[in-house]
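Reviewing the structure listed below.
All ligand and atom numbering here is 1-based and tracks the order in the structure. Below, each value reflects all heavy atoms present in this structure, side chains not excepted, and no hydrogens, waters or symmetry copies.
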Amino acid sequence: MAIDKKFINQFVNISSKAALSSFYLVGKKNKIAADKAAVDSMRSELNKLNIDGRIVIGEGELDKAPMLYIGENLGTKNGPKFDIAVDPLEGTNFAANNLPGALSVIAVSEKNNLFAAPETYMEKISTSVKEKNVIDLDYSIKKNIFNLSEYLNKKPENLTACILDRPRHKKILNELKKLKVKLKLITDGDVSGALLVTEEKYNVDIFLGIGGGPEGVLAAAALDTFDCNFQGRFLFKTDKEKKRATEMGIKDLSKKYELDEIISGDTIFCATGITSGDLVSGINIDGEEFTSETLVTHKSSALRKVIKLKQKII
Ligand code: VTB
């Protein structure tokens, strides 16, 4: 069954309103407040929808943010059963410091089609290459780069890799430098980092490295509609994290997940800009109106576009 097209605008509206709520706190050096504003807006707007929704990915414990609780039921219950993944403010530092790239993100699937990811780190790899055995999380950096170079018919020095700028990536970064691959280092926001492989205009050929697990699932929802590839493997540091994952139903803690194991069936994905970034422009307020830009995908109707919306502030 497909998700009815009528929901597209409703979810665009939800991420747009959450983005607006957070926008008022941009540059206020308060990550928690900016996040809370987006969370509160999303929760109250989702509750108005005629859906029987369930949060499968909420705000992560990873950054100790206020949550839309995992398992929380939302909506009037008078409608289809949806699984919902949210990151009401992706890039809390961006919003707090008035930097580019803060987004408000929501992904929706039919019930039981969206992976309930634990709030741990995830090793990720994503490219536009759909074929199996070209790019793989289990291959060395060198093998992946050589394969990608051959597949795209681009020399390694003409390939660009996007990766979070973190000390934990020192080894990968050294490998990439040795191979003369161009780097696009991001300080935060790896949902949008992963999505830079979706279109040539972003000039990113591969996204890799370790970031948040929930962010990986959110990116996968959009990558699926763009017909790109994604693989992820959760990383657990503490026994507490492992226990939590087991309770959430993960049997093999070191499993490598393919895209279709993370997301299946129909989906709607919306990412609205709070501050302007690579994917979309940020919120713009003009008197009593605001303009938002949302990257939206709907799998069954092959919709992938940026929707610009001007509406009254209420
Ligand atoms: C990423 C990124 C987020 O956390 O998931 C990252 O997408 C991973 O965690 O925007 P570390 O900061 O601990 O490396 C964020 O940067 C913040 O939630």
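In this structure, Arg233 pairs ionically with Asp138, as a charged nitrogen and a carboxylate oxygen lie closer than 4.0 Å. Between Glu215 and Lys124 there is no salt bridge, since no side-chain N of the basic residue sits under 4.0 Å from a carboxylate O of the acidic one.
Backbone and side-chain nitrogen or oxygen atoms of Thr92 are examined, and none is located within less than 3.5 angstrom of a nitrogen or oxygen of ligand 1. When only interatomic distances are considered, the shortest N/O to N/O separation between Gly211 and ligand 1 does not fall below 3.5 Å.
Remark: ligand 1 atoms within the under-4.0 Å shell around heavy atoms of Asp188 are 10 (O), 15 (C), 16 (O), 17 (C). Residue contact check: Glu215 has heavy atoms under 4.0 Å from atoms 3 (C), 5 (O), 7 (O), 18 (O) of ligand 1. Ligand 1 places these atoms under 4.0 Å from at least one heavy atom of Arg168: 8 (C), 11 (P), 14 (O). Near Gly189, meaning under 4.0 Å from any of its heavy atoms, are these atoms of ligand 1: 2 (C), 3 (C), 7 (O), 10 (O).
For the pair Gln10/Glu45, no side-chain contact is recorded, criterion being any heavy-atom separation below 4.5 Å from C-beta on.
For Asn47, there are no side-chain hydrogen bond (donor to acceptor under 3.5 Å, both in side chains) partners two or more places apart in sequence or in a different chain. For Arg168, the side-chain hydrogen bond (donor to acceptor under 3.5 Å, both in side chains) criterion is met by no residue, not counting sequence neighbours.
Taking only non-hydrogen atoms, the option from Ile186, Asp190, Asp87, Leu218 nearest to atom 7 (O) of ligand 1 is Asp190.
Within the 4.0 Å heavy-atom cutoff, Tyr121 counts among the residues contacting ligand 1.
Side-chain polar atoms of Asp252 and Ser254 form a donor-acceptor pair below 3.5 angstrom.
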